[in-house]
Amino acid sequence: MPKYLLIMRGTDESNAAMMADIDEMMAATRQFIEETVKAGVLLAAEGLDDPGQGVVVDFSGEAPVVTDGPYGETKELFGGFFLLDVVSKQEAVEWARRIPAARGSKIEVRRVPGSDEVPQVDK
């Protein structure tokens with residue numbers, strides 16, 4: 001079965017709204033995870049730490065440049081993910097529609113190519 005990554009993306013505003021109701025959001029997220037486990041589709045799920053704790057390695061120039069967070073001019077941040085093993089993109093989208101998310105958040109659905117789809121390097 002194909003794998004799909006459901007990427008949670010938020011803005012400063014949607015993240016603030018989520019934090020305002022964090023207990024309710026966490027309870028709803030636990031319920032969602034239980035449903036994906038019961039359905040046998042959940043492979044992994046993780047949230048990410050505060051973006052201010054991260055770094056960016058930028059390859060725009062000749063040498064990589066490392067910049068500590070928080071990041072200026074960021075309109076959306078990747079906040080976490082669910083990795084699902086489902087039969088179709090349509091099923092992945094249906095699961096994505098059920099994720100508890102604050103108003104203004106987005107869930108990006110991306111297929112994870114199988115190892116047989118990745119170009120192989122001849123040795």
Side-chain angles (χ1 to χ4, degrees):
M1 286 201 306
K3 295 177 191 165
Y4 284 86
L5 191 64
L6 310 184
I7 303 166
M8 299 180 294
R9 298 183 350 208
T11 62
D12 287 339
E13 293 80 18
S14 67
N15 290 339
M18 180 185 71
M19 294 307 290
D21 294 321
I22 192 65
D23 291 337
E24 182 179 321
M25 186 64 70
M26 292 303 294
T29 300
R30 280 191 291 279
Q31 177 65 35
F32 175 78
I33 290 171
E34 288 175 16
E35 292 170 8
T36 60
V37 169
K38 284 181 187 176
V41 299
L42 183 66
L43 296 176
E46 296 290 342
L48 298 177
D49 198 1
D50 182 306
Q53 302 301 312
V55 300
V56 171
V57 180
D58 185 346
F59 291 88
S60 297
E62 287 188 34
V65 176
V66 178
T67 306
D68 290 332
Y71 318 110
E73 300 301 318
T74 300
K75 292 186 176 35
E76 293 181 344
L77 291 172
F78 176 15
F81 69 90
F82 296 94
L83 180 61
L84 304 182
D85 192 8
V86 295
V87 298
S88 67
K89 181 179 181 178
Q90 180 180 353
E91 184 180 359
V93 169
E94 289 305 314
W95 281 109
R97 292 171 59 102
R98 296 172 58 185
I99 292 174
R103 185 174 190 85
S105 298
K106 295 179 182 177
I107 305 297
E108 181 178 345
V109 178
R110 302 269 304 270
R111 191 172 72 83
V112 178
S115 60
D116 59 331
E117 298 176 88
V118 178
Q120 302 298 312
V121 177
D122 293 329
K123 293 184 179 184

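Please read these numbers as outputs of a predicted model, since none were measured by experiment. Numbers here simply count residues along the sequence, with the first being 1.
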Do the side chains of Trp95 and Val41 get nearer than 4.5 Å, heavy atoms only? yes
Look up atom OG1 in Thr36 and atom CG in Asp85, then write down how far apart they are to the nearest 0.5 Å. 12.0 Å
Where do Phe32 and Arg98 come nearest, in terms of heavy atoms and distance? CD1-O, 3.7 Å
Around atom CD of Glu117, are there more than 12 heavy atoms of other residues, nucleotides or ligands at under 6.0 Å? yes
Quick check: closest heavy atoms across Met25 and Ala102, and the distance to 0.1 Å? CE-N, 3.7 Å
Determine, for Glu108 against Lys106, whether the closest basic-nitrogen to carboxylate-oxygen distance falls under 4.0 angstrom. no
Any donor-acceptor pair under 3.5 Å linking the side-chain atoms of Glu35 with those of Gln31? yes
Would a single hydrophobic cluster contain both Tyr4 and Phe78, if residues Ile, Leu, Val, Met, Phe, Trp and Tyr are joined by side-chain heavy-atom contacts under 4.5 Å? no
Residue pair Asn15 / Gly10: nearest heavy atoms and the distance that separates them: OD1-CA, 3.9 Å
State whether the number of non-hydrogen atoms from other residues, nucleotides or ligands found under 6.0 Å of Arg111 atom CZ is greater than 12. yes
Of all heavy-atom pairs linking Val109 and Ala96, the shortest is CG2-CB, 3.8 Å
Linking I/L/V/M/F/W/Y whenever their side-chain heavy atoms sit closer than 4.5 Å, directly or via other members, would Phe59 and Val66 fall into one cluster? yes
State plainly whether one hydrophobic cluster holds both Val37 and Leu5, where clusters connect Ile, Leu, Val, Met, Phe, Trp and Tyr through side-chain heavy atoms under 4.5 angstrom apart. no
Following the transitive rule for hydrophobic clusters with a side-chain heavy-atom cut-off under 4.5 Å over Ile, Leu, Val, Met, Phe, Trp and Tyr, establish whether Leu48 and Leu83 coincide in one cluster. yes
Would you check if Ile107 and Arg9 make a side-chain contact, meaning some heavy-atom pair closer than 4.5 Å? no
4.5 Å side-chain heavy-atom contact, Ile33 and Phe82: yes
Using a 4.5 Å cut-off on heavy atoms from C-beta on, say whether the side chain of Leu42 contacts that of Leu84. yes
Quick check for you: to the nearest 0.5 Å, what is the distance between Leu6 atom CG and Ile99 atom CD1? 4.5 Å
Looking at side-chain heavy atoms only, is the closest gap between Met18 and Met8 below 4.5 Å? no
Nearest heavy-atom neighbours spanning Gly104 and Ser14: C-CB, 3.8 Å
Non-hydrogen side-chain atoms of Arg30 and Met26 separated by less than 4.5 Å: yes
